[in-house]
Amino acid sequence: MATTQTPPTATERPIARLTLRGLRAFIALEEARSVAGAAQKLGVSKSNVSQQITALEQNVGAKLFDRNSRPILLTPAGQVLSMHAHRIMATVSAAEANLAEFNLRSLPVLNLGIIDDLDASITPAVASSLQRQLPQCFISTFSGRSDQVTAKLLARDVDIAITGIMPTDMHRFSILQLLREQFVLISAKGQYDRREDWRQSLTRLSLVQYAETMPMGRLVSGHLKRVGFHPQRRFSFETNRSVIATVAQNGGWTISTPLSLLDVGSLVSEIDISPLPFASLSRQIYLVTRSDELGNLPTRLARECRALLHDKLLPDFAKIAPMLAGAIEVQGDEESLGEPADPVVFDN
């Protein structure tokens, strides 16, 4: 005699369990539309993404992606989960940010690292802003080369880094763009003639280099090799002032940046500033923090830094090199330029 099975009651059905890790993998795959892209986005292996999605599908009891299509597409069940997943992760992100801000109230020390090209220009203003936003916190600052600042961030010796070198494992960090600057040609007053063939003109002058132990020196040296120019090496220094002073005093030339020139004071009256006569070279400056540790403070601070750069550094460089004013470009939220950043407010 045949027996009929009674469908399981609501209490007997397996409960669909969602995990934050699974939802992050789901959203990453939905956005990247490939397992490789999702893995890169999350900073994990492709097999890790596949395992997370498989476990998620087993937990909800339905296929979430059509893996036979290229690019990978959501199934109807995946479309339903997508609506909920984005709401859940938005709520989680907001909770993490609020908790991070709550924890900042009792933060005893905040360490700031900043490249020395910007030290005199914005460090006092940035430190003062941090002190206003975190009145119970001791603000400690470090100034150095980009590689030194980034190394201190990796070693947890600084909490906020303003640097030209991004960490290699970028998925662990929040990286906010501040500015891009074009390298320029610096020559002793009246020694470089733009109407003449640049190779002949620069070959007659002494090249004053940034030491190749520095990121700037390695960057410039590599660029000269790429454009096929191999001038005689005469001088090498580790500071902007030494490089520019030697250019002026010895009738030489170098390649530097607008920020570097703003650091040399009256020496700018002894030099000419020209665009590079060969392929352009640029660098970017970023505000970098470890992910999910400082709430919305990095975003607010980056906004204030952009305003400082826009209101102070751009006009200062335009004064000494009006024809090259566009060599510095502030990047990020254009609408925030010139507006003061909203302070982080904590309830007592």
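Both backbone and side-chain heavy atoms feed into the values below; hydrogens, waters and symmetry mates do not. Since the structure is predicted, the reported quantities are computational estimates derived from the model, not experimental observations.
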Interatomic distance, CD1@I175 vs CE@M166, rounded to 0.5 Å, equals 5.0 Å

Given 3.5 Å as the limit, does a donor-acceptor pair link the side chain of S69 with the main chain of D66, or not? yes

So does W253 get a backbone contact from the side chain of S187, meaning a donor-acceptor N/O pair under 3.5 Å? no

Residues E57 and K63 bridged, charged N to O under 4.0 Å: yes

Whether R234 side chain and L207 backbone form a donor-acceptor pair below 3.5 Å: no

Min side-chain heavy-atom separation T213-E238 under 4.5 Å: yes

Do the side chains of M323 and L185 join up, straight or via other hydrophobic residues, at under 4.5 Å, putting them in one cluster? no

Using a 4.5 Å cut-off on heavy atoms from C-beta on, say whether the side chain of I160 contacts that of L294. yes

Those residues at least two apart in sequence (or on a different chain) that pass salt bridge (Lys or Arg N to Asp or Glu O under 4.0 Å) with K41 are E31

Apply ring pair (Phe, Tyr, Trp, His ring centres under 6.0 Å) to the pair F229 and W198, showing each step before the final yes or no. CA-CA 10 Å; F229 188 43; W198 65 266; 5.1 Å; yes

Over all atoms of both residues, closest heavy-atom pair of L153 and R290: O-NH1, 2.9 Å

Spacing of CD belonging to Q79 relative to CG belonging to L64, to within rounding of 0.5 Å: 11.0 Å

Joint hydrophobic cluster, V208 plus V227, side-chain heavy atoms closer than 4.5 Å: yes

Side-chain donor/acceptor of S260 to backbone N/O of N240, under 3.5 Å: no

In plain terms, say whether D197 and R199 are close enough for a salt bridge, that is, a side-chain N and a carboxylate O under 4.0 Å apart. no

Check: K46 main-chain N/O paired with S50 side-chain donor or acceptor under 3.5 Å: yes

Does anything in residues 142-155 pair up under salt bridge (charged side-chain N to carboxylate O under 4.0 Å, His left out), and if so which pairs, sequence neighbours excluded? R145-D147

Going through the checks in order, is the side chain to side chain donor-acceptor pair (under 3.5 Å) test met by S236 and Q209? CA-CA 5 Å; S236 172; Q209 294 178 278; 5.5 Å; no

Is it true that atom CZ of R67 has more than 12 heavy atoms of other residues, nucleotides or ligands lying nearer than 6.0 Å? yes

Checking S45 against S47: is there a side-chain donor and acceptor pair closer than 3.5 Å? yes

Should the heavy atoms of other residues, nucleotides or ligands under 6.0 Å from CD of Q40 be counted, would the total exceed 12? no

More than 12 foreign heavy atoms under 6.0 Å from CZ of R21: is that the case here? no

List the steps and the verdict of side chain to side chain donor-acceptor pair (under 3.5 Å) for T123 and D119. CA-CA 5 Å; T123 297; D119 185 35; 2.9 Å; yes

Check whether any side-chain heavy atom of F235 lies under 4.5 Å from a side-chain heavy atom of N250, and answer yes or no. yes

With distance as the sole test, does R306 use its side chain to make a donor-acceptor pair with the main-chain N or O of Q177 at under 3.5 Å? yes

Donor-acceptor pair, side chain of T150 and main chain of I165, under 3.5 angstrom: yes

Would you indicate whether the side-chain heavy atoms of V220 and L224 approach each other to under 4.5 Å? yes

Please assess D263 against R241 for the test salt bridge (Lys or Arg N to Asp or Glu O under 4.0 Å), listing each intermediate value before the final yes or no. CA-CA 7 Å; D263 190 43; R241 286 184 175 271; 5.3 Å; no

When you group the ILVMFWY residues by side-chain heavy-atom contacts below 4.5 Å and let the links chain together, are V92 and L23 in the same group? yes

If you measure only the distance, is there a donor-acceptor pair under 3.5 Å linking the side chains of S282 and E181? no

Kindly compute the distance separating OH (Y286) from OG (S174), expressed to the nearest 0.5 Å. 13.0 Å

